[in-house]
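Remember, it's 1-based here, ligands and their atoms both numbered in the order they're listed.
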Amino acid sequence: MRPIAQSKKLQHVRYDVRGPILVEAERLEAEGHKILKLNIGNTAPFGFEAPEGILADMTHHLPESQGYSDSRGIYSARTAVAQYYQSRGLTRTTIDDVYIGNGVSELIMMVLQAFIDNGDEILVPAPDYPLWTGAVTLCGGVPVHYRCDEDNGWNPDLEQLEAAITERTRALVLINPNNPTGAVYSEATVRGMVDIARRHDLVVMADEIYEKIVFDAAVHHHTASFADEDVLCLTFSGLSKAYRVCGYRAGWVMISGPKHLASNFLEGFTLLSNMRMCSNVPGQHAIQTALGGYQSINELIVPGGRFYEQSKLAARLLNELPGVSCVEPKGALYCFPRLDPAVYPIEDDEAFVIELLRAKKLLVTHGTGFNWPETDHFRLVTLPDAGVLTEAIGRIGDFLTTWRP
Ligand code: PLP
């Protein structure tokens, strides 16, 4: 047989969060080393458990979850999602606006496949959650990165964003609260982004998976609430983070705005939804219980709660390291610190992260893995408890004191 190559479609597709750095971590593990993996936002390994009601509901429904469901999702889950948005002020949301998927990840892929023609430009934040850039590329689109401004709490630079629009631009992606920066956008920023979309006839794709993980006075504003009836907005969210069940693969996309103008696109999206039959049915049964009733996430995001305390601790400890600065996250599960290039002249940040991994048995993700254009950042997951986080950041500090280019 001839050697079998990957498709050319994958040529520029990257997903570094689980890329070569993870391969190296697994190699070290195979040699018997214990690696502290702070490279992905996976809650379960850090002692976060799903709310009991979710487990009970899924278990109860297992016997009747054996068949395929409606490809858009089971009725109770879609109703619960629609009612959730109604209760958040999006009163016109109906069950027909909701599609359930195997996590936001699957829905991003399906939406972009149904939406993008070769050469279409899609505005994506830098830094971004790299699935967005990878999926746009895989679908034949061109990701055009708009820069988020570290000096302005990692808010997007709206002028630069608007200047990047061309006649090929078709959609604007925003991630709020943001992975990897932890920014939570102000109302003015979200409104401003929607206004840009309105002026330039762009579809808005709002990844709001961290919507319930916000700290202190930060308020999450649903993008769709400013899009009204004239801007098509696709809102993505799910159970992975706030309900600590990323393994159940339960997410959704909610479509709002001028749907009558999007009927052809939605027909294509439904076709793709049908072609993959349905999303994992037991996972869908978790959605109604999760969205109703007591919200245990609210305990985790206030003083004394683990998400809150760990985020604050990580930012504080990182800022104490010489030559390191970290904008304090207002939400989500990550810190995205900067290594001052005058102190740490890093040429290849992936190689830097691999050196840290080999020396300190600690895995973080390099900033360019999030399509950040410079080699001066990395992302740390703030999920470990205070003791482990302190140990991890201590190891980073030790490494930096001896590191030479
Ligand atoms: N969107 C963002 C911004 C994320 O950070 C993640 C996971 O880390 C996802 C989407 C994927 O979510 P899901 O587990 O629902 O596929």
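Proximity to Ile175 (heavy-atom distance under 4.0 Å) selects the following atoms of ligand 1: 3 (C). Under a 4.0 Å criterion applied to the non-hydrogen atoms of Ile209, ligand 1 contributes the atoms 1 (N), 2 (C), 3 (C), 4 (C), 12 (O), 15 (O). Atoms of ligand 1 lying under 4.0 Å from any heavy atom of Tyr129, numbered from 1 in the order shown and given with element: 1 (N), 2 (C), 3 (C), 4 (C), 5 (O), 6 (C), 7 (C), 8 (O), 9 (C), 10 (C), 11 (C). Every atom of ligand 1 is numbered from 1 in the order shown, and the set under 4.0 Å from a heavy atom of Arg249 is 13 (P), 14 (O), 16 (O). Near Tyr210, meaning under 4.0 Å from any of its heavy atoms, are these atoms of ligand 1: 3 (C), 4 (C), 5 (O), 7 (C), 8 (O).
Side-chain N or O atoms of Asp57 include none that pairs as donor or acceptor with a backbone N or O of Gly53 at under 3.5 Å.
By the criterion of a heavy-atom distance under 4.0 Å, both the backbone and the side chain of Ser105 are placed next to ligand 1. Under 4.0 angstrom from ligand 1, the non-hydrogen atoms of Val104 come from both its backbone and its side chain. Here Phe236 has no heavy atoms under 4.0 Å from ligand 1, in either its backbone or its side chain.
Between Asp207 and ligand 1, at least one pair of N/O atoms sits closer than 3.5 Å.
When side chains are defined from C-beta on, Ser237 counts as touching Tyr85, because their heavy atoms get closer than 4.5 Å.
In summary, the side chains of Tyr210 and Tyr129 do not present any donor paired with an acceptor at a separation below 3.5 Å, with no hydrogens or angles considered.
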For this session: Take Asp207 and Trp132, measure what side-chain hydrogen bond (donor to acceptor under 3.5 Å, both in side chains) needs, and give me the verdict at the end.
Result: CA-CA 10 Å; Asp207 183 341; Trp132 279 103; 3.0 Å; yes
For this session: Show your reasoning for whether salt bridge (Lys or Arg N to Asp or Glu O under 4.0 Å) applies to Arg338 and Glu374.
Result: CA-CA 10 Å; Arg338 175 173 188 265; Glu374 279 108 48; over 6 Å; no
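Of the charged side-chain nitrogens involved, none lies within less than 4.0 Å of a carboxylate oxygen, so that Glu208 and Arg88 do not count as a salt-bridged pair.
Ring-plane geometry between Phe265 and Phe115 is classed as perpendicular, the angle between the planes exceeding 60 degrees on a 0 to 90 degree scale with a lower cut at 30. In this pair, His220 and His222 present their aromatic rings perpendicular. The plane angle is above 60°, beyond the 30 to 60° band.
For atom 14 (O) of ligand 1, the nearest protein heavy atom (residue, atom name, distance) is Ser240 OG, 2.6 Å. Regarding atom 8 (O) of ligand 1, its nearest protein heavy-atom neighbour is Lys241 NZ, 2.8 Å.
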